[in-house]
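Structure first, then comments.
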Amino acid sequence: MPLLEAAGLGKRYGSKRVLWDVDLAFEPGEIVAVLGVNGAGKTTLLGCLAGMLGWDRGEVRMDGEKLNRDRLDQRQRMMFLPGEGFHFGGADTIRNAAIFSELWRGIDAKPPLDIEEWLERLGLLEVAFSSVETLSRGQRYKAVLLALHCADPDIWLIDEPFAAGMDARGMEAFRQLVRAAATRKRCIVYTTQFPELAVRFADRIVVVGGGGIHLNEPTRGRDLEELIRQLGRELGIQDEHS
Ligand SMILES: Nc1ncnc2c1ncn2[C@@H]1O[C@H](COP(=O)(O)OP(=O)(O)OP(=O)(O)O)[C@@H](O)[C@H]1O
């Protein structure tokens, strides 16, 4: 049974129909990249999957059970990370991560043992005790990724992580972070505009467009260069090789 599922999902903003009849399923332990041109509905899709946005038709299911936006126990099993991230005012990097851990895993939950290792991998050791508000844009986003690691929900919904100003070290730490989470059977779904990064980081690629799903393909066993070209064509990029 899928961990998370959209069945016949449709979403309008007023008279504007953005998604309709979207069927998608996400398994524990998989990393899925969602691509699509600007305005295709990627953020809308993630917002609906997270139960943050309402929908007009169809349903979202978690472990086969209909997602009810009022049910805290369901909402607590996932986290939606917006493109700009979010943090708790005044908290330093470590405290911010601890607050996320307390909110998602309970007040008695011990922080993960490897928090120092991830501070190091993300390049955050020097700002571990600095207020998140005083950090640079990329550092702030990394601090939120650390908090996500500490919260460790079953489902990670991440909007545009590669547009958040992280440096190469941060991007590599992100790759390791989501891979480690997938090994713990977390399901990670993120949006991106970059076919190369999608293919490099994900087990499956989904392309949203025209209100539906254009492509839903595993990366395993695929010729990745060809898949990147195919995605480029889906996104309207001219193929130099054709
Ligand atoms: N609150 C809103 N009210 C009205 N229309 C909205 C709202 N939010 C999004 N839309 C519209 O829904 C469509 C999909 O938006 P969405 O943000 O989901 O796209 P996206 O694929 O994430 O785009 P981008 O790549 O630019 O981030 C767009 O046409 C957008 O104008």
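The first residue of the sequence shown is numbered 1, and numbering continues consecutively from there. Every number for a ligand or one of its atoms is a count from 1 in the order of the listing.
- Using a 3.5 Å distance cut-off with no hydrogens or angles, the side chains of Thr43 and Asp159 do pair a donor with an acceptor.
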Evaluate Phe26 against Leu3 for side chain to side chain contact (heavy atoms under 4.5 Å, CB included), listing each step before the verdict.
CA-CA 6 Å; Phe26 304 94; Leu3 178 53; 5.6 Å; no

Test log, rule salt bridge (Lys or Arg N to Asp or Glu O under 4.0 Å), inputs Asp154 and Lys185:
CA-CA 8 Å; Asp154 291 340; Lys185 293 289 173 207; over 6 Å; no

Check: every ligand 1 N/O to protein N/O pair under 3.5 Å:
unit_1	atom_1	unit_2	atom_2	d
ligand 1	18 (O)	Thr44	N	2.9
ligand 1	18 (O)	Thr44	OG1	2.5
ligand 1	19 (O)	Gly41	N	3.3
ligand 1	21 (O)	Ala40	N	3.2
ligand 1	21 (O)	Gly41	N	2.9
ligand 1	21 (O)	Lys42	N	2.9
ligand 1	21 (O)	Lys42	NZ	2.8
ligand 1	22 (O)	Thr43	N	3.0
ligand 1	22 (O)	Thr43	OG1	2.8
ligand 1	23 (O)	Gly39	N	2.9
ligand 1	25 (O)	Asn38	ND2	2.9
ligand 1	25 (O)	Lys42	NZ	2.7
ligand 1	25 (O)	Gln193	NE2	2.7
ligand 1	26 (O)	Asn38	ND2	3.1
ligand 1	29 (O)	Lys16	NZ	2.8

Any chance you could lay out the side chain to side chain contact (heavy atoms under 4.5 Å, CB included) test for Glu5 and Leu67, step after step, and finish with the verdict?
CA-CA 9 Å; Glu5 210 175 348; Leu67 183 71; over 6 Å; no

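- The two residues Asp203 and Gly29 come nearest to each other via the heavy atoms OD2-O, 4.0 Å.
- Classification of the Phe201-Phe174 ring pair by plane angle, with boundaries at 30° and 60°, yields tilted.
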